[in-house]
Amino acid sequence: MIPTKVIVSVTGPVAGAGAAQARLAEALGADLLELRLDLFESQAAALSVLKDRTRPVIATCRLKADGGRFSGSEAARRKLLTAAVKAGAAWVDLELASLGWKPDGAKVIGSVHDLEGVPKDAAGLLKRMLASGAEVAKLAAMPRCLREAKVLLDLNGLAPGRIAAFGMGPVGVPTRLLAGRFGAWGVYAASDIGPPAAPGQIPLSEMLFPMRWREVKASTRLYGLLGNPVSQSPGPWAHTVAMRLAGVQGLYLPLEAVDAEDARWALGKGGFGLQGVSVTRPFKEALLDAAEERTTEAAQ
């Protein structure tokens with residue numbers, strides 16, 4: 001299986017900031033850079049970041065409807081993407097409606113973004129993008145529960161190494177950490193010195209070092225912090241580091257369940273295959289009631 005790539009989104013918004021984000025990402029070990037053309041203050045500032053790059057670059061110009069900021073015409077967007085390829089970008093990221101066009105010499109990532117949930121025909125959308133000629137099909141969706149987050153992870157198995165299906169927002173964070181385990185083509189991380197390009201992106205340094213993202217494989221033991229909210233807790237990286245120091249190949253996931261039913265699902269056979277969890281608010285009482293065994297201290 002082709003190793004899953006980690007892509008860092010370069011957001012600018014000015015040339016100096018964009019170049020600094022790109023240099024740091026390359027130094028830390030990113031496999032690719034995503035140049036978010038729509039987030040820069042000017043086209044010239046965005047294109048200048050392509051100079052002297054040591055990693056392949058994906059040129060992305062996201063429409064407002066898909067969570068971006070580009071408000072120009074489709075012709076203007078194509079012109080900008082073509083200019084990026086001429087300046088050195090190896091890939092372009094295109095929404096489903098734009099597939100069938102690409103600048104000469106570029107590879108294509110077909111993209112669908114759903115900011116409301118997971119599309120009912122998610123598998124069909126991914127297959128359509130691959131059938132259109134895209135080298136990679138990407139689905140970035142906003143899972144409304146942990147069960148939907150697992151649905152996204154499973155979609156990567158439709159064409160391992162050619163699909164990047166993952167969740168946005170706090171509920172989607174486990175999908176970014178487990179992308180390689182499920183055969184995703186790539187996963188997107190945030191720059192350590194710039195704002196994230198999408199909700200739920202994890203800074204690259206956190207993914208690669210405390211969370212040891214590249215080391216996560218089928219044999220990695222999975223644990224988690226189950227609660228709501230959990231996104232600000234240092235527990236996941238602290239416990240992951242502690243396990244490595246103790247010689248345990250493990251990953252401690254932030255699991256933000258939406259309700260008690262979702263929390264119980266995460267513990268079941270259809271969940272993430274967890275070896276154990278720490279339960280925090282507001283699910284302690286609900287999960288204690290569902291426990292087959294409990295200590296006297298826990299009951300008290």
Side-chain angles (χ1 to χ4, degrees), residues 2-62 83-93 106-107 109 136 138 140 161 164 166 168 173 175-181 184-217 220 231 234 236-238 240-245 249 251-252 254:
I2 300 173
T4 300
K5 299 170 178 59
V6 61
I7 305 112
V8 171
S9 298
V10 176
T11 59
V14 296
Q21 291 164 12
R23 285 194 300 269
L24 179 59
E26 289 170 335
L28 290 173
D31 296 305
L32 294 95
L33 305 175
E34 180 193 38
L35 182 58
R36 284 295 303 270
L37 299 164
D38 56 304
L39 300 182
F40 279 75
E41 291 184 351
S42 70
Q43 296 181 8
L47 295 177
S48 70
V49 177
L50 288 161
K51 185 179 180 181
D52 299 325
R53 297 281 57 84
T54 64
R55 297 291 191 275
V57 175
I58 303 165
T60 300
C61 191
R62 189 78 61 222
V85 172
K86 289 181 178 179
W91 295 76
V92 292
D93 184 303
K107 296 180 180 179
I109 299 172
V136 173
K138 181 178 77 175
F166 55 88
M168 296 182 284
V173 168
T175 69
R176 297 180 187 271
L177 294 172
L178 295 174
R181 185 176 173 122
W185 172 79
V187 63
Y188 289 70
S191 166
D192 283 84
I193 54 172
Q201 279 189 350
I202 306 167
L204 178 64
S205 63
E206 185 176 328
M207 284 189 68
L208 295 184
F209 301 110
M211 304 307 286
R212 298 290 181 184
W213 176 81
R214 292 197 192 279
E215 298 175 19
V216 178
K217 50 190 176 182
T220 300
S231 59
W237 63 260
T240 297
V241 170
M243 283 190 283
R244 301 304 168 87
L245 293 174
Q249 178 69 23
L251 176 65
Y252 191 91

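We count residues from 1, following the sequence as given. These figures come from a predicted structure and were not determined experimentally. All heavy atoms count here, side chains included; hydrogens, waters and symmetry mates do not.
Every residue two or more places apart in sequence or in another chain that forms a ring-ring contact (aromatic ring centres under 6.0 Å, His included) with W185 is listed here: W91. Here P13 pairs with E41 under the side chain to side chain contact (heavy atoms under 4.5 Å, CB included) rule; sequence neighbours left out. Residues meeting the side chain to side chain contact (heavy atoms under 4.5 Å, CB included) test with A87, sequence neighbours left out: L50. For F40, the ring-ring contact (aromatic ring centres under 6.0 Å, His included) criterion is met by no residue, not counting sequence neighbours.
To the nearest 0.5 Å, the span separating OG1 on T54 from CZ on R23 amounts to 11.0 Å. Here the CG-NZ distance, from D93 to K107, works out to 15.0 Å after rounding to the nearest 0.5 Å. Rounded to the nearest 0.5 angstrom, L177 CG and M207 CE are separated by 6.0 Å. Note that CE of M243 is 8.5 Å distant from OH of Y252, once rounded to the nearest 0.5 Å. Residue R244 holds its CZ atom at 13.0 Å from CZ of F209, rounded to the nearest 0.5 Å. In this structure, I58 CD1 and I7 CD1 are separated by 5.0 Å, a value rounded to the nearest 0.5 Å.
Scanning both residues, W213 and R176, for their nearest heavy atoms gives NE1-O, 3.2 Å. The two atoms that bring P56 and D31 nearest to each other are CD-O, 3.5 Å, heavy atoms only. In terms of heavy-atom proximity, A15 sits nearest to V49 at O-CG2, 4.1 Å. Listed here is the closest heavy atom pair of G12 and A17: O-CB, 3.6 Å. Between A59 and L37, the closest heavy-atom pair is CB-CD1, 4.1 Å. Taking both residues in full, the closest heavy atoms of D38 and C61 are given as OD1-CA, 3.8 Å, listed atom of the first, atom of the second, then distance.
Contact of the K217 side chain with the T220 side chain is registered, since non-hydrogen atoms from C-beta on lie closer than 4.5 Å. Counting only heavy atoms from C-beta outward, the side chains of L251 and L178 approach each other to under 4.5 Å. At a threshold of 4.5 Å between non-hydrogen side-chain atoms, the residues Q21 and L33 do not count as touching. Looking only at side-chain heavy atoms (C-beta outward), K138 and F166 come within less than 4.5 Å of each other. Residues S9 and T60 form no side-chain contact, since every pair of their non-hydrogen atoms from C-beta on lies 4.5 Å or further apart.
Within the 3.5 Å criterion, the main-chain N or O of A197 finds a donor-acceptor partner in the side chain of Q201. Side chain of T240 to main chain of P210: no donor-acceptor pair is present (N/O by atom type, distance under 3.5 Å, no hydrogens or angles).
Among residue pairs with one or both ends in residues 192-203, none qualify as salt bridge (Lys or Arg N to Asp or Glu O under 4.0 Å); sequence neighbours excluded. The stretch residues 42-55 participates, sequence neighbours left out, in these salt bridge (Lys or Arg N to Asp or Glu O under 4.0 Å) pairs: E26-R53.
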